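Working notes for the structure below.
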Amino acid sequence: GLYLAPFAGIMFLWFIAVVRDQLGEREDRFFATVFFGSGLLFVSLGFAAAAVACAVAVGYRYLGLEAPTVEQMRIVRSLSYTLLFAFASRAAAVFLFSIATLGLRSRSFPRWFAWTGYLFGIILLLVVTFWDWIVLLLPAWVAVASLFILRRERVVRRAGPGSVSAG
């Protein structure tokens, strides 16, 4: 997990860049700033949670530290859980609210899909404390948003340069 987490973060940052490129001049500066900031915060908190979760194993395996006690493992697990589920999930909710708003205002996404962003954001704000697996809503939503972007790019390429705008 420690080796895969950075790649997931990098891919998420790439998604943010693609969305900003797609919006171009239609980008609302306020919501774009919230979108960008919450995305960076989400990735940072995810990196921190992964680092904390793996720190004890890395210390034992590669740094020659003593084997952790059960109490140390509980503390590390609690800290990692708190970073991911109490803080990163809320940053993900803000990210969904802002990208849904950008999608509605710029008409980059179908209305129904933008509204699911609001719904998923509310769920992440309220439900993640009761059911951990709900955090998978964000990657699922991002995957579908990526499909909309890829479809739009394919249509633009087929139409030829200058005949259809990217929006």
Side-chain angles (χ1 to χ4, degrees), residues 1-20 22-23 27-105 108-109 113-149:
L2 177 63
Y3 297 113
L4 293 177
F7 291 105
I10 290 166
M11 285 184 241
F12 190 75
L13 293 173
W14 192 267
F15 171 75
I16 291 171
V18 168
V19 168
R20 293 194 72 202
Q22 290 290 310
L23 293 173
E27 184 175 72
D28 178 294
R29 290 180 68 186
F30 176 79
F31 283 102
T33 302
V34 174
F35 162 72
F36 185 66
S38 61
L40 290 178
L41 184 60
F42 172 73
V43 170
S44 300
L45 288 166
F47 281 176
V52 168
C54 296
V56 176
V58 168
Y60 177 73
R61 169 98 185 205
Y62 299 108
L63 302 177
L65 300 178
E66 294 179 19
T69 65
V70 172
E71 187 58 29
Q72 288 171 329
M73 290 305 297
R74 284 185 183 138
I75 291 170
V76 165
R77 183 173 183 233
S78 296
L79 178 57
S80 181
Y81 184 92
T82 302
L83 285 169
L84 189 61
F85 291 100
F87 292 98
S89 64
R90 276 33 181 230
V94 172
F95 178 83
L96 283 169
F97 292 146
S98 59
I99 192 172
T101 302
L102 288 170
L104 277 175
R105 289 187 176 187
S108 298
F109 300 130
F113 182 68
W115 285 103
T116 62
Y118 290 122
L119 175 65
F120 286 5
I122 289 170
I123 291 170
L124 280 173
L125 279 176
L126 303 176
V127 178
V128 76
T129 353
F130 305 110
W131 191 43
D132 298 347
W133 288 97
I134 208 74
V135 297
L136 296 177
L137 286 177
L138 177 66
W141 197 91
V142 166
V144 175
S146 298
L147 292 174
F148 283 123
I149 291 169

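What you are looking at is a predicted structure, and each value in this text was computed from that prediction instead of being measured. Residues: numbered from 1 along the sequence shown.
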From [X] atom [atom1] to [Y] atom [atom2], the distance as rounded to the nearest 0.5 Å:
X      : Y      : atom1 : atom2 : answer
Cys54  : Tyr3   : SG    : OH    : 9.0 Å
Ser89  : Leu83  : OG    : CG    : 11.0 Å
Ile134 : Phe120 : CD1   : CZ    : 8.0 Å
Ile123 : Thr116 : CD1   : OG1   : 9.5 Å

Is the closest side-chain heavy-atom distance between [X] and [Y] below 4.5 Å?
X      : Y      : value
Leu125 : Val94  : no
Tyr118 : Leu104 : yes
Ile16  : Phe95  : yes
Ile149 : Phe15  : yes

Heavy-atom closest pair, residues [X] and [Y]:
X      : Y      : result
Ala114 : Ala100 : O-CB, 3.2 Å
Ser38  : Ser98  : OG-OG, 4.0 Å
Gly121 : Leu96  : N-CD1, 3.8 Å
Ala5   : Ala50  : CB-CB, 3.8 Å
Ala92  : Leu124 : CB-CD1, 3.9 Å
Ala67  : Gln72  : O-OE1, 4.4 Å

Of Phe7, Phe47, Phe42, which meets ring-ring contact (aromatic ring centres under 6.0 Å, His included) against Phe12?
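Only one of Phe7, Phe47, Phe42 forms a ring-ring contact (aromatic ring centres under 6.0 Å, His included) with Phe12, namely Phe42.
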
Look at the side chain of Arg90 and the backbone N and O of Phe85, then say whether any donor-acceptor pair between them is shorter than 3.5 Å.
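Here the side-chain-to-backbone pair exists.
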
Can you confirm whether more than 12 heavy atoms, excluding those of Tyr81, are under 6.0 Å from its OH atom?
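For Tyr81, atom OH is crowded (more than 12 foreign heavy atoms under 6.0 Å).
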
Tell me whether Phe87 at atom CZ has more than 12 heavy atoms from other residues, nucleotides or ligands lying less than 6.0 Å away.
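Not more than 12 within 6.0 Å, no.
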
Cation over ring, Arg20 on Phe36, under 6.0 Å and within 45°?
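Flagged: Arg20 positioned over aromatic ring of Phe36.
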
Applying side-chain contact (heavy atoms from CB on, under 4.5 Å), run through Val135 and Leu84 and close with a yes or a no.
CA-CA 9 Å; Val135 297; Leu84 189 61; 5.7 Å; no

Worked check of side-chain contact (heavy atoms from CB on, under 4.5 Å) between Phe35 and Thr101:
CA-CA 9 Å; Phe35 162 72; Thr101 302; over 6 Å; no

Which class fits the ring pair Trp141 and Phe113: parallel under 30°, tilted 30 to 60°, perpendicular over 60°?
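Aromatic pair Trp141/Phe113 classed parallel.
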
Does the pair Leu13 and Leu40 meet the rule for a side-chain contact (heavy atoms from CB on, under 4.5 Å), with working shown?
CA-CA 7 Å; Leu13 293 173; Leu40 290 178; 3.5 Å; yes

